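The next block holds one structure in the form of structure tokens; read it before the comments.
Computed from a prediction, not measured in an experiment: that's the story for all the values here.
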Amino acid sequence: MLTEDVLTSIEESVLCWLATVDVHGTPNVSPKEMFVAYGKGNQKTHILIANIASPNSVANIRANPAVCLSFVHVFKQKGYKLQGNARILNKDDESFTEKHQSLYALTGDDFPFQRIIEIEVLKVNPILAPRYKLFPDTTEADQVASALDTYGVRHK
């Protein structure tokens with residue numbers, strides 16, 4: 001099950017990165033923009049990704065379902081790495097319509113998709129910027145302020 005911290009981090013993330021491996025063992029990392037945590041009730045155990053334009057990811061998952069999905073809040077500089085097994089859901093899959101609705105709220109009609117990448121999460125590990133480990137008193141607010149300054153981001 002995905003914890004509240006992981007679910008919050010997923011909701012705060014704009015992009016995630018899906019790592020797959022092809023039949024020759026060559027890794028592929030692909031950014032994904034449309035993704036949600038999924039499960040029954042409060043038991044979120046899967047990640048759904050709208051397959052908008054990822055033929056390499058789909059081919060690789062068909063050959064080897066083991067995947068890694070990472071997401072990091074760009075200013076907090078922390079997130080999670082999820083490992084698990086993926087499968088491809090096509091429109092004729094009996095659960096496609098229900099799962100499509102979970103993603104449609106994000107994609108609308110702007111990004112039509114015919115397949116869903118469904119990941120059963122088996123392992124979760126935190127991702128932290130080195131500052132959190134090197135300077136244990138670092139807070140998220142400190143890290144956000146530092147990142148905003150580093151990247152030159154200013155609030156309007």
Side-chain angles (χ1 to χ4, degrees), residues 1-134 138 140 143-144 147 151:
M1 184 172 91
L2 301 173
T3 66
E4 285 301 316
D5 285 343
V6 175
L7 294 172
T8 298
S9 187
I10 290 169
E11 290 175 12
E12 291 178 345
S13 296
V14 177
L15 287 175
C16 66
W17 293 266
L18 179 64
T20 60
V21 178
D22 72 12
V23 295
H24 305 292
T26 304
N28 179 67
V29 176
S30 178
K32 306 298 180 202
E33 186 177 359
M34 306 298 178
F35 55 96
V36 295
Y38 180 82
K40 298 295 181 190
N42 293 332
Q43 304 293 315
K44 308 290 187 208
T45 56
H46 290 71
I47 303 294
L48 303 178
I49 300 171
N51 177 37
I52 296 168
S54 299
N56 289 338
S57 295
V58 169
N60 291 352
I61 290 167
R62 286 189 172 140
N64 180 351
V67 299
C68 181
L69 183 74
S70 297
F71 48 92
V72 174
H73 187 288
V74 68
F75 296 119
K76 290 180 184 177
Q77 298 186 7
K78 60 175 21 178
Y80 289 91
K81 175 177 79 170
L82 311 178
Q83 292 171 285
N85 292 316
R87 68 184 187 123
I88 306 302
L89 302 177
N90 296 307
K91 286 186 95 167
D92 60 351
D93 185 286
E94 67 182 49
S95 66
F96 183 89
T97 301
E98 175 187 337
K99 292 173 182 174
H100 182 276
Q101 289 302 315
S102 296
L103 288 160
Y104 186 80
L106 298 174
T107 64
D109 292 325
D110 292 339
F111 296 98
F113 57 96
Q114 306 300 313
R115 291 186 182 101
I116 296 170
I117 299 169
E118 179 182 48
I119 301 169
E120 177 187 15
V121 178
L122 302 175
K123 188 174 181 181
V124 176
N125 288 306
I127 297 172
L128 294 171
R131 177 171 291 282
Y132 287 108
K133 293 179 182 179
L134 296 173
T138 300
E140 283 185 5
Q143 197 66 7
V144 169
Y151 299 129

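For the pair Ser13 and Phe35, the tightest heavy-atom approach, listed with the atom from each and the gap, is O-CZ, 3.7 Å. Closest non-hydrogen pair, Ala147 versus Val74, comes out as CB-O, 4.4 Å. Considering every non-hydrogen atom in both Ile52 and Met34, the closest pair reads CD1-CG, 3.6 Å. Minimum heavy-atom separation, Val72 to Trp17: N-CZ3, 4.2 Å. The minimum heavy-atom distance linking Thr107 with Ala50 is given by the pair CG2-CB, 4.2 Å. Of all heavy-atom pairs between Phe96 and Phe113, the closest is CZ-O, 4.2 Å.
Taking the side chain as every heavy atom from C-beta outward, Asn51 and Ser57 never approach each other to under 4.5 Å. Contact annotation: the side chain of Asn85 approaches that of Leu122 to within less than 4.5 Å [non-hydrogen atoms, C-beta and beyond]. Residues Val36 and Leu103 meet the side-chain proximity criterion, which asks for heavy atoms closer than 4.5 Å. Residues Asp93 and Ile116 have side chains not in contact (no heavy-atom distance under 4.5 Å, counting atoms from C-beta outward). Within the 4.5 Å cutoff, side-chain heavy atoms of Lys81 are placed close to those of Cys68. Put simply, the side chain of Glu98 reaches to within 4.5 Å of the side chain of Tyr38, judged on heavy atoms. When side chains are defined from C-beta on, Arg131 does not count as touching Gln77, because their heavy atoms never get closer than 4.5 Å. In this structure the side chain of Ile117 never reaches within 4.5 angstrom of the side chain of Val67, judged on heavy atoms.
In this structure Val6 satisfies the side chain to side chain contact (heavy atoms under 4.5 Å, CB included) test together with Leu2, Thr3, Ile10, Phe71, Tyr80, Leu82, Val124, sequence neighbours excluded. With sequence neighbours excluded, the residues satisfying side-chain hydrogen bond (donor to acceptor under 3.5 Å, both in side chains) with Lys78 are Glu140. Listed by chain and number, the residues in a side-chain hydrogen bond (donor to acceptor under 3.5 Å, both in side chains) with Asn125 amount to none (sequence neighbours excluded).
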Practice task
Would you sort out whether Lys76 and Glu12 count as a side-chain contact (heavy atoms from CB on, under 4.5 Å), showing the intermediate values?
Solution key: CA-CA 10 Å; Lys76 290 180 184 177; Glu12 291 178 345; 2.9 Å; yes
Exercise for the section: Test side-chain contact (heavy atoms from CB on, under 4.5 Å) on Ser70 and Ile127 and set out the steps. Expected result: CA-CA 8 Å; Ser70 297; Ile127 297 172; 4.0 Å; yes
Problem - Test log, rule side-chain contact (heavy atoms from CB on, under 4.5 Å), inputs Ile47 and Val121 - result: CA-CA 7 Å; Ile47 303 294; Val121 178; 3.9 Å; yes
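Between the CD1 atom of Ile49 and the CG atom of Leu106 there is a distance of 12.0 Å, given to the nearest 0.5 Å. How far CD1 of Ile61 is from CG of Leu18: 5.5 Å, rounded to the nearest 0.5 Å. Taking CG of Leu89 as the start and CD of Glu118 as the end, the distance is 5.0 Å to the nearest 0.5 Å. How far NZ of Lys99 is from CD of Glu94: 9.0 Å, rounded to the nearest 0.5 Å.
Side chain of Thr8 to backbone of Glu4: a donor-acceptor contact under 3.5 angstrom is found. Counting only distance, with no hydrogens or angles, the side chain of Asn90 and the backbone of Asp92 share no donor-acceptor pair below 3.5 Å.
Checked by atom type, the side-chain pair Ser54/Lys32 shows a donor-acceptor distance below 3.5 Å.
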